[in-house]
Amino acid sequence: MRIDKDCWLLNKPIAHRGLWEGSIIENSLPAYELAVEKGFPIEIDLYSTKDGEIVCFHDDCLYRMTGEKGYIYEKTLSELKSLSLKNSDQKIPTLKEVLSIVSAKVPLLIELKDQPDKSYISHVVKILKNYKGEFAIQSFNPLYLIKTKKLAPNFVLGILGTSTPPKDKNFIVKKIVKNLSLNFLIKPDFISYNFEGLPIKNPRKLPLLAWTITDREQASTALKFANNIIFEKFSP
């Protein structure tokens, strides 16, 4: 196991998409800036644009956050920068912009989102190899973790799982995501699982993160089963 008992992954609540609520928008630069100010590690989500730039955004579809139709990976960075987050003056940030703001002040928990162009993993790894701060990578996609491990054996990697897989996935994918069936193959350093699905079978006793916690009562319950929480909309 490459995560010791003093690791930030186990001991400091992680701000889901930054610290956001009210006028501060999820996965925006102000949300990341506030998390840095308060000293919380930050969970972020990565996609690649049509022209190969890495951006921080949670949904594959643009509509909820920008009002624009289509998928984020279908747009160039220039097209994305013309959009506003929730009718604000905030734009979709690039990974490089986020790393510049965080500047190793707090750790990052980085989710690799699934998308048609799988080659973007190499680009992410290349960027992170030059970053001096602490980070860990997680994904629902075991193949992404296998590729990342080949490119960067020293990166700390976690598998994401959920008791409620997306309905549009086939039976095999749903089973893998729910039961973490390929852990024997990918040998993750930690598990990140949805709060509602706890407790889970964890025969190797891997460090376990619980997501997404939205109040103190949930936090108290989650920490009976998990080592740490990924939270939003309250101060843990």
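By convention here, the first residue in the shown sequence is residue 1.
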**Message:** Is it true that Thr94 and Glu53 share a donor-acceptor pair across their side chains at a distance under 3.5 Å?
**Reply:** no

**Request:** Determine the interplanar angle of the Tyr120 and Tyr144 rings, folded into 0 to 90°, and report it as parallel if under 30°, tilted if 30 to 60°, perpendicular if over 60°.
**Result:** perpendicular

**Request:** Using atom types as modelled and distance alone, determine if a side-chain donor or acceptor of Trp211 lies under 3.5 Å from a backbone N or O of Ile229.
**Result:** no

**Flag if over 12 foreign heavy atoms under 6.0 Å of NZ, Lys174** = yes

**Flag if over 12 foreign heavy atoms under 6.0 Å of NZ, Lys86** = yes

**N/O donor-acceptor pair under 3.5 Å between Asn202 side chain and Leu206 backbone** = yes

**Prompt:** To the nearest 0.5 Å, how far apart are CD1 in Ile200 and OG1 in Thr162?
**Reply:** 10.5 Å

**Prompt:** Is a side-chain N or O of Gln115 found less than 3.5 angstrom from the main chain of Ser48, in a donor-acceptor match?
**Reply:** yes

**Message:** Between His123 (side chain only) and Gly52 (backbone N and O only), is there a donor and an acceptor less than 3.5 Å apart?
**Reply:** yes

**Asked** Do Lys81 and Glu79 meet the salt-bridge criterion of a basic N to acidic O distance under 4.0 Å?
**Response** no

**Asked** Hey, what do you get for CG (Asp117) to CD (Glu74), rounding to the nearest 0.5 Å?
**Response** 12.5 Å

**Asked** Is there side-chain contact between Val156 and Phe190, with heavy atoms separated by less than 4.5 Å?
**Response** yes

**Asked** Transitively linked via ILVMFWY side-chain contacts under 4.5 Å: Ile42 with Val98?
**Response** yes

**Message:** Rounded to the nearest 0.5 Å, what separates atom OG in Ser139 from atom CD1 in Ile121?
**Reply:** 6.5 Å

**Prompt:** Out of curiosity, Thr212 OG1 to Glu43 CD, how far, rounded to the nearest 0.5 Å?
**Reply:** 7.0 Å

**Audit row: Leu180, Leu182, side-chain contact (heavy atoms from CB on, under 4.5 Å) steps and yes/no** = CA-CA 6 Å; Leu180 307 175; Leu182 296 183; over 6 Å; no

**Message:** When you compare the side chain of Lys149 with that of Leu157, does any pair of heavy atoms fall below 4.5 Å?
**Reply:** yes

**Fill in**
Interatomic distance, CD1@Ile3 vs CG@Asp189, rounded to 0.5 Å, equals 5.0 Å

**Prompt:** Are side-chain heavy atoms of Leu34 and Val36 found at a separation under 4.5 Å?
**Reply:** no

**Message:** Counting only heavy atoms not in Lys233 (residues, nucleotides, ligands), do more than 12 fall under 6.0 Å from its NZ?
**Reply:** no

**Request:** Look at the rings of Phe234 and Phe231 and say which category their plane angle falls in: under 30° parallel, 30 to 60° tilted, over 60° perpendicular.
**Result:** perpendicular

**Asked** Step by step, would you call Thr49 with Ile72 a side-chain contact (heavy atoms from CB on, under 4.5 Å)?
**Response** CA-CA 6 Å; Thr49 65; Ile72 189 162; 5.6 Å; no

**Closest heavy-atom pair and its distance - Tyr47, His58** = CE1-O, 3.5 Å

**Item:** Contact check, side chains of Ile137 and Leu128, non-hydrogen atoms, under 4.5 Å
**Value:** yes

**Message:** Please evaluate residues Ile54 and Ile127 with respect to the criterion side-chain contact (heavy atoms from CB on, under 4.5 Å), reporting the C-alpha separation (whole Å), side-chain torsions for both, the decisive distance (0.1 Å), and the verdict.
**Reply:** CA-CA 9 Å; Ile54 307 301; Ile127 293 172; 4.1 Å; yes

**Prompt:** Roughly how far apart are Leu198 CG and Leu208 CG, rounded to 0.5 Å?
**Reply:** 6.0 Å

**Request:** Would you check if there is a donor-acceptor pair between the side chains of Thr76 and Asp51 at a distance under 3.5 Å?
**Result:** no

**Message:** For a quick check under 3.5 Å, do Ser181 and Asn179 share a side-chain donor-acceptor pair by atom type?
**Reply:** no

**Request:** Test Thr214 against every option in Glu217, Arg216, Gln218 by the side-chain hydrogen bond (donor to acceptor under 3.5 Å, both in side chains) rule and name the one that passes.
**Result:** Gln218

**Request:** Report yes or no: do Ile25 and Ile44 belong to one cluster of Ile/Leu/Val/Met/Phe/Trp/Tyr joined by side chain heavy-atom distances under 4.5 Å?
**Result:** no

Do any side-chain atoms of residues 99-110 form donor-acceptor pairs under 3.5 angstrom with protein atoms, and if so which ones, sequence neighbours left out?
none

**Request:** Heavy atoms only: give me the nearest Pro41-Pro13 pair and the separation to one decimal.
**Result:** CD-O, 3.3 Å

**Request:** Please say whether more than 12 non-hydrogen atoms of neighbouring residues, nucleotides or ligands are located less than 6.0 Å from CG in Asn170.
**Result:** yes

**Prompt:** Hey, is the main chain of Leu83 close enough, under 3.5 Å, to the side chain of Lys91 for a donor-acceptor pair?
**Reply:** yes

**Side chains of Arg17 and Tyr32 in contact at under 4.5 Å (non-hydrogen atoms)** = no

**Item:** Arg204 versus Pro188, closest heavy-atom pair with distance
**Value:** NH1-O, 3.8 Å

**Message:** Does the structure place the NZ or CZ of Lys12 under 6.0 Å from the centre of the six-membered ring of Phe40, at an angle of no more than 45° from the ring's axis?
**Reply:** yes

**Message:** Can a side-chain donor-acceptor contact be found between Asn27 and Asp45 if the only test is distance below 3.5 angstrom?
**Reply:** yes

**Request:** Decide if atom OH of Tyr71 counts as having more than 12 heavy atoms of other residues, nucleotides or ligands within a radius under 6.0 Å.
**Result:** no

**Request:** Taking the side chain as every heavy atom from C-beta outward, state whether Glu232 and Glu21 have any pair of such atoms under 4.5 Å apart.
**Result:** no

**Request:** Would you kindly confirm whether Leu85 and Trp20 end up in one hydrophobic cluster when ILVMFWY residues are joined by side chain heavy atoms under 4.5 Å apart?
**Result:** no

**Message:** Determine whether Leu143 and Ile186 satisfy the following criterion, side-chain contact (heavy atoms from CB on, under 4.5 Å), listing intermediate values before the conclusion.
**Reply:** CA-CA 8 Å; Leu143 299 180; Ile186 61 177; over 6 Å; no

**Asked** Would Ile24 and Phe57 show up in the same hydrophobic cluster when neighbours are defined by side-chain heavy atoms closer than 4.5 Å?
**Response** no

**Nearest atoms (heavy-atom pairs only) where Gly158 meets Leu145** = O-CD1, 3.4 Å

**Message:** Treating Asn228 as the side-chain partner and Leu9 as the backbone partner, does any N or O pair qualify as donor plus acceptor under 3.5 Å?
**Reply:** yes

**Message:** Check whether Tyr193 reaches the backbone of Lys178 with its side chain - one donor and one acceptor, N or O, closer than 3.5 Å.
**Reply:** yes

**Complete:** Nearest heavy-atom contact between Thr148 and Phe155 is CG2-CD2, 4.0 Å

**Complete:** Between Ala219 and Ile213, the two heavy atoms sitting closest are N-CG2, 3.3 Å

**Thr66 and Leu80, any side-chain heavy atoms less than 4.5 Å apart** = no

**Item:** Contact check, side chains of Trp8 and Ile14, non-hydrogen atoms, under 4.5 Å
**Value:** yes

**Message:** If hydrophobic clusters are built by linking Ile, Leu, Val, Met, Phe, Trp and Tyr wherever their side-chain heavy atoms come under 4.5 Å apart, do Ile191 and Leu223 end up in the same one?
**Reply:** no

